[in-house]
Amino acid sequence: MEPFELTASEAAHAIRDGRLTSEALVRSCLERIEDRDPEVRAWITVDPALALAAAREADKRPAAGPLHGLPFGVKDVIDTADLPTTQNSPIFQGHRPARDAACVAIARSAGGILLGKTDTVEFASGGRKAATRNPVNLAHTPGGSSSGSGAAVGDRHVPLALGTQTGGSHIRPAAFNGIYGFKPTWGVVSREGMKHYAVSLDTLGWYGRSVADLALMAEAFQLEGMGKTPPVILAGLRVGLCRSPVWSRIEPAGEAALLLAARRLEEAGAVVVPFELPEDFSTLAEVQDVIRRGEGRASFLDLYISDRHRLHPELADHCEHNHGITTRTLTEAYDVADSCRPRFAALFESIDVILTPPAPGEAPEGLHTTGDHIFNSIWTVLHVPCLAMPCGRGTRGLPVGVQLVAPRFQDAALLAMAEAMAPVVDV
């Protein structure tokens with residue numbers, strides 16, 4: 001096995017045991033990128049000399065944290081001091097921030113090695129799509145807006161990568177690339193130094209190839225309960241099978257994956273029961289759309305005023321027409337979201353975790369689309385932690401997955417439940 005094939009947790013153990021050096025791991029990842037990225041196009045910027053120098057320094061020191069010696073990629077809407085942050089926009093080509101975003105600084109302080117910047121939909125919002133292609137089938141999208149981060153981890157260019165989510169920009173690419181993705185509770189990880197689209201929705205997340213990989217990042221970000229949550233026993237775990245109010249948008253592959261995961265969990269001793277959200281939760285997908293667009297106007301107003309000729313029309317529309325969203329409709333959307341969030345936790349009296357689709361089905365063909373975020377927007381607006389987990393392949397041979405959801409601030413508990421569920425679901 002080549003070092004680039006190791007999961008982050010496997011590589012971390014090998015480095016700590018002296019069986020692998022950070023330099024060897026980084027060099028192997030760079031060779032993988034050189035071999036594969038001309039086709040996959042996951043990366044905007046990679047600086048091999050910078051990454052190798054950091055890896056050599058890591059090899060001289062004792063472990064600095066849970067990410068010691070592990071390379072990671074960063075979605076190019078997140079600031080990095082020693083690599084450009086272009087936002088995939090003509091306005092920001094060559095832009096060099098003065099300092100790292102908080103999440104990058106934390107990952108580096110935990111021992112991580114910045115490998116490079118991954119491609120993204122413009123401003124993680126709209127407009128220009130990433131050049132990235134799905135590594136399983138290059139004719140299909142890798143999802144978005146965290147396109148490059150999802151594809152880079154899926155194609156084993158790097159064991160870990162950071163992404164973001166406003167609607168479904170993080171969880172959906174995890175499903176399309178056959179990897180694990182974690183979107184924590186809104187607000188538990190700093191967004192300082194990250195481009196905002198909708199400030200009350202934007203969330204920093206990360207990718208890996210196992211639940212243990214996701215847990216490494218969660219430890220680095222010091223999520224409450226990490227290291228203190230006992231292992232979960234799958235037998236008797238109460239799983240709520242939630243088709244959600246947007247079930248009409250499901251595709252055969254997505255439905256098959258959800259039912260397959262439910263059956264596997266039942267056979268392993270979990271208690272799987274139907275779960276439905278209350279009727280007044282049925283408008284949350286529309287509520288998320290109104291909030292996203294309403295707050296998007298403020299996020300792009302400065303660029304609309306100063307660089308309108310270079311701002312993509314899809315983004316300029318937030319400042320011109322914006323689907324007729326008014327202060328009244330935005331206020332009403334806020335009120336619905338605010339009323340549903342505190343009630344959501346009470347729904348878990350009879351279940352421990354929700355099992356629901358992460359996407360309609362397999363990744364669509366073509367790079368003109370990043371897929372439909374409809375199965376993510378409800379959970380994003382509720383501010384709850386979400387975890388994407390692979391569950392086989394669809395009829396076209398592309399990855400499909402499932403999504404696990406827990407109440408706000410139950411991030412460590414969700415990771416513990418996912419650790420118990422993964423050996424049964426992802427087989």
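With hydrogens and angles left out, the side-chain atoms of Y207 and N177 include no donor and acceptor closer than 3.5 Å. Judged by distance alone, the side chains of T120 and N88 never bring a donor and an acceptor atom under 3.5 Å apart. For the residue pair S145 and K75, a side-chain donor N or O sits within less than 3.5 Å of a side-chain acceptor on the partner. No hydrogens or angles considered: nothing links the side chains of Q288 and T380 as a donor-acceptor pair under 3.5 Å.
Between the OG1 atom in T166 and the CG atom in L201 there is a gap of 6.5 Å [rounded to 0.5 Å]. Between I250 atom CD1 and F375 atom CZ the span is 4.0 Å, to the nearest 0.5 Å. Between the NZ atom in K117 and the OG1 atom in T80 there is a gap of 3.0 Å [rounded to 0.5 Å]. Note: F275 CZ to F348 CZ = 5.5 Å, rounded to the nearest 0.5 Å. Interatomic distance, CG of L162 versus NE2 of H170, reported as 8.5 Å (0.5 Å rounding). One distance of note links CG of L415 with OG1 of T229; it measures 8.5 Å at 0.5 Å rounding.
For E276, the CD atom sits in a loose shell: 12 or fewer heavy atoms of surrounding residues, nucleotides or ligands are nearer than 6.0 Å. Counting heavy-atom neighbours within 6.0 Å of E349 CD, excluding the residue itself, gives a total of 12 or less. Residue H13 qualifies as open at atom NE2: its count of foreign heavy atoms under 6.0 Å is 12 or below. Atom CD of E320 sits in a crowded spot, with more than 12 heavy atoms from other residues, nucleotides or ligands closer than 6.0 Å. Other residues, nucleotides and ligands place more than 12 heavy atoms under 6.0 Å from the CD atom of E266. In the displayed structure, Q222 atom CD is contacted under 6.0 Å by at most 12 heavy atoms of other residues, nucleotides or ligands. Environment of CD in E34: sparse, with no more than 12 heavy atoms of neighbouring residues, nucleotides or ligands closer than 6.0 Å.
In this structure the side chain of T85 never reaches within 4.5 angstrom of the side chain of F92, judged on heavy atoms. Considering only heavy atoms from C-beta on, C29 comes within 4.5 Å of L115 through its side chain. Between F176 and E362 the shortest side-chain heavy-atom distance does not fall below 4.5 Å. Counting only heavy atoms from C-beta outward, the side chains of V239 and M421 approach each other to under 4.5 Å. The shortest side-chain heavy-atom distance between F182 and L223 falls under the 4.5 Å cut-off. Taking the side chain as every heavy atom from C-beta outward, V273 and R238 never approach each other to under 4.5 Å. Side chains of F221 and S190 form no contact here, defined as non-hydrogen atoms less than 4.5 Å apart. Looking at heavy atoms from C-beta onward, V153 lies in side-chain contact with R209 at the 4.5 angstrom threshold.
Contact record, S9 with D213: N-OD1, 2.8 Å, taken as the closest heavy-atom pair. Residue G401 comes nearest to P358 through the heavy atom pair O-CD, 3.2 Å, listed as atom of the first residue, atom of the second, then distance. Residue P385 comes nearest to D411 through the heavy atom pair CB-OD2, 3.5 Å, listed as atom of the first residue, atom of the second, then distance. Looking at every heavy atom in both residues, T164 comes nearest to L204 through CG2-CD2, 4.2 Å. A pairwise comparison of heavy atoms in T132 and P142 identifies O-CD, 3.4 Å as the closest pair. Across all non-hydrogen atoms, the minimal contact from D372 to P360 is O-CD, 3.6 Å.
Listed for the Q403 side chain is a donor-acceptor partner under 3.5 Å among the backbone atoms of P357. One N or O on the side chain of S339 and one on the backbone of V336 form a donor-acceptor pair closer than 3.5 Å. Judged purely by atom type and a 3.5 angstrom limit, D119 has no side-chain atom pairing as donor or acceptor with the backbone of A130. A donor-acceptor pair is defined here as one N or O able to donate and one able to accept, closer than 3.5 Å; no such pair exists between the side chain of R16 and the backbone of H68. For the pair S109 (side chain) and A105 (backbone), a donor-acceptor distance under 3.5 Å is present. At distances below 3.5 Å, at least one donor-acceptor pair connects side-chain atoms of T356 with backbone N or O atoms of C242. Panel note: side chain R191, backbone V199; a donor-acceptor pair is recorded below 3.5 Å. In this structure, S146 contributes its side chain and S169 its backbone to a donor-acceptor pair below 3.5 Å. Using modelled atom types, one side-chain atom of D76 and one backbone atom of T86 make a donor-acceptor pair closer than 3.5 Å. The backbone N or O of E10 sits less than 3.5 Å from a side-chain atom of T7, completing a donor-acceptor pair.
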Working note: D37 + R32, criterion side-chain contact (heavy atoms from CB on, under 4.5 Å); need CA distance, chi angles, decisive distance, verdict. CA-CA 8 Å; D37 205 51; R32 176 69 172 177; over 6 Å; no
Using the rule given for side-chain contact (heavy atoms from CB on, under 4.5 Å), can you reason through C103 versus M194, listing the C-alpha separation, both sets of side-chain angles and the distance that settles it, and then say yes or no? CA-CA 9 Å; C103 59; M194 183 183 106; 5.9 Å; no
Apply the test side-chain contact (heavy atoms from CB on, under 4.5 Å) to residues H373 and Q165: give CA-CA distance (whole Å), side-chain angles for both, the deciding distance (0.1 Å), then the verdict. CA-CA 10 Å; H373 70 263; Q165 179 157 309; over 6 Å; no
Could you please spell out the steps behind the side-chain contact (heavy atoms from CB on, under 4.5 Å) verdict for H157 and V40? CA-CA 10 Å; H157 299 185; V40 177; 4.2 Å; yes
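Under 4.0 Å is where a charged nitrogen must lie from a carboxylate oxygen, and between K195 and D202 no such pair does. Checked for salt-bridge contact, E31 and R27 miss the test: no charged N lies under 4.0 Å from a carboxylate O.
Ring orientation note: the planes of F300 and F123 are nearly perpendicular, at an angle over 60° on the 30°/60° scale.
Here the two rings, on Y197 and H318, have centers that are under 6.0 Å apart. Note: W206 and F72 fail the aromatic proximity criterion, with ring centroids not under 6.0 Å apart.
Looking at L414, V353, V405 one by one, the single match for side chain to side chain contact (heavy atoms under 4.5 Å, CB included) with L387 turns out to be L414.
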